[in-house]
Number of protein chains: 2
Amino acid sequence: MFSSSEENYLKAIYHLSLASTKGISTNAIANKLATKASSVTDMIKKLADKNMLVYKKYQGVTLTEKGKKTAANIIRKHRLWEVFLVEKLNFSWDEVHDVAEQLEHIKSPKLINEIDALLGFPKYDPHGDPIPDKNGALHQIEKSLLASLKIKEKGICVGVNDSSATFLQFLDKQGIALGKEVEVVDKEDFDNSMTIKINKKAITISNKIANNLYIQKL
Amino acid sequence: MFSSSEENYLKAIYHLSLASTKGISTNAIANKLATKASSVTDMIKKLADKNMLVYKKYQGVTLTEKGKKTAANIIRKHRLWEVFLVEKLNFSWDEVHDVAEQLEHIKSPKLINEIDALLGFPKYDPHGDPIPDKNGALHQIEKSLLASLKIKEKGICVGVNDSSATFLQFLDKQGIALGKEVEVVDKEDFDNSMTIKINKKAITISNKIANNLYIQKL
DNA sequence: AAATAAATTTAGATAAGGCTAAAAATAAAT
DNA sequence: ATTTATTTTTAGCCTTATCTAAATTTATTT
């Protein structure tokens, strides 16, 4: 059994591993968890003792298969709870993160399996992120950043790269939601801003926005 | 904000206070929480500093109004989660306690209010215990221990005094459930066992059983 | 009322998780 | 190839929540 703190480390390392093939550095973990490098060193020693990851001094860490599976299971719980909050409890997608962050640590296999069933075994969370299955496998769909689309290309909004409340609320205000169709109308070389058509209306968004919205090309 | 540990102390003291008019002793708390008296002394000092209870050395403790309200709110969460688990997630009444013990510490007013609404604002948990309202008020119904009924008296099962899995499973096996009608057919002076009629069948139960089942007299 | 028993508190330790500051190792730059 | 900068680790300390053992207070007996 793992403490909430250990689980948070595993989750952070798992997320960092997706974006890198090399070992994950102490500093990267410290940064992700808003903690200090010295604290990370202590914890990764502990997780290495528990065979959750491989650690060689000064070389960063790599999750073992057991570590990956454990982390994926926590992420599975987090994302299933997010779906539950939105689908059953009238939470909006910008309100779910902090609560799911607590709920993911509840220990009860039956609980999460029943939640999964109640929701009809969803495959994606409210932000478009895939929900790992019971074995920890992820079925990622083909998706591109909106920023990478060329003029005239069309696609469906399928996910966000930033789940902060401010960004999500901005999308709400602009009428941008998962499942909606967008078309790139124009791109500006100077600042990489782009004009897109969504809800039959043209709106202009900055490059920062376009770099945080995932599209499935049509 | 309170730690899970602080919340558990408040809850334990609240429960003990219901069964006693005097201050709650250090030992009683230690016993309830399966911890040591010295640990209790430390914690009640901390809770006294936070104005949750009044503590005078060697004299036991009494919850303040704030302490009562805080404790009632935790119990409210516990019991609402129990109802949720039984009503929505196919848990049986002997499976809910440990999970609710974890869920009661989740911090999110919106979460528990939405759960309450989803369940239709229930007034009792699966064991027949009343759910405190948002102000911490309990609406206890009139109930008696089955052991106190005389021969020929009838009533409806409305609660249990012991929520352990073994006791609840025993009740299941005997076909005893909340809402069912029982009649005392006979009582044995020697061991205080009694024969009751339930589900149109007569069964004999020990005094220990009869002392853990609450009845609303008819 | 004094002596014994029981309950409670204090003192000192421990473990988990985190921090700061200093030391050591690795990486980058001249 | 040294020097400098950055990263990582170690060492020592803090807090929370425990515990054991000893000391103290209250309760109970004789």
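- Here the C1' atom of nucleotide C/dA7 and the OH atom of B/Tyr55 are 12 Å apart, to the nearest Å.
- Put simply, A/Lys45 has no side-chain N or O that comes within less than 4.0 Å of OP1 or OP2 on D/dT9.
- Under the Watson-Crick and G-U wobble criteria, each requiring two contacts below 3.5 Å, nucleotide D/dG12 is paired to C/dC19.
- For A/Tyr58, no side-chain nitrogen or oxygen approaches OP1 or OP2 of D/dT6 to under 4.0 Å.
- Rounded to whole angstrom, the span from the CD1 atom of B/Ile44 across to the P atom of D/dT18 amounts to 13 Å.
- Applying the Watson-Crick and G-U wobble criteria (two distances, each under 3.5 Å), C/dT30 pairs with D/dA1.
- One interatomic measurement links the two molecules: NZ of A/Lys57 to P of D/dT10, which rounds to 4 Å at whole-angstrom precision.
- For the residue pair A/Gln169 and A/Thr166, no side-chain donor N or O sits within less than 3.5 Å of a side-chain acceptor on the partner.
- Taking a pair to require two hydrogen-bonding distances under 3.5 Å in either a Watson-Crick or a G-U wobble arrangement, D/dT24 pairs with C/dA7.
- Looking only at atom types and distance, the side chain of A/Glu82 has a donor-acceptor partner in the side chain of A/His127 under 3.5 Å away.
- Residue A/Thr26 places at least one side-chain N or O under 4.0 Å from the OP1 or OP2 atom of D/dT9.
- Protein atom CD of A/Gln59 is 11 Å distant from nucleotide atom C1' of D/dT7, rounded to whole Å.
- Rounded to an integer number of Å, the gap from B/Met1 CE to D/dT15 P is 21 Å.
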Between protein and nucleotides 18-21 of chain C, what N or O pairs are separated by less than 3.5 Å?
unit_1, atom_1, unit_2, atom_2, d
C/dG18, OP1, A/Ser5, OG, 3.2
C/dG18, OP2, A/Ser5, OG, 3.4
C/dG18, OP2, A/Tyr9, OH, 3.4
C/dC19, OP2, A/Thr35, OG1, 2.7
C/dC19, OP2, A/Lys36, N, 3.1
C/dC19, OP2, A/Ser39, OG, 2.7
C/dT20, O4, A/Ser38, OG, 2.9

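- For the residue pair A/Ser4 / A/Glu7, no side-chain donor-acceptor distance below 3.5 Å is found, with atom types taken as modelled.
- Taking atom CG on B/Asn31 and atom P on C/dA7, their separation rounds to 11 Å, with Å as the unit.
- Across the protein-nucleic acid pair, A/Ile24 atom CD1 and D/dT7 atom C1' stand 15 Å apart, rounded to whole Å.
- At a cut-off of 3.5 Å, with distance as the only test, no side-chain donor of A/Ser25 or A/Asn27 sits close to an acceptor on the other residue.
- By the side-chain contact (heavy atoms from CB on, under 4.5 Å) test, B/Glu142 is found to be paired with no residue, residues two or more places apart in sequence or in another chain being considered.
- Among the candidates A/Lys11, A/Arg79, A/Arg76, the single residue satisfying the side chain to side chain donor-acceptor pair (under 3.5 Å) test with A/Glu104 is A/Lys11.
- Contact annotation: B/Asn27 reaches the phosphate of C/dT8 (side-chain N/O to OP1 or OP2, under 4.0 Å).
- Between the side chain of A/Asp191 and the backbone N or O of A/Ser193 there is at least one donor-acceptor pair closer than 3.5 Å.
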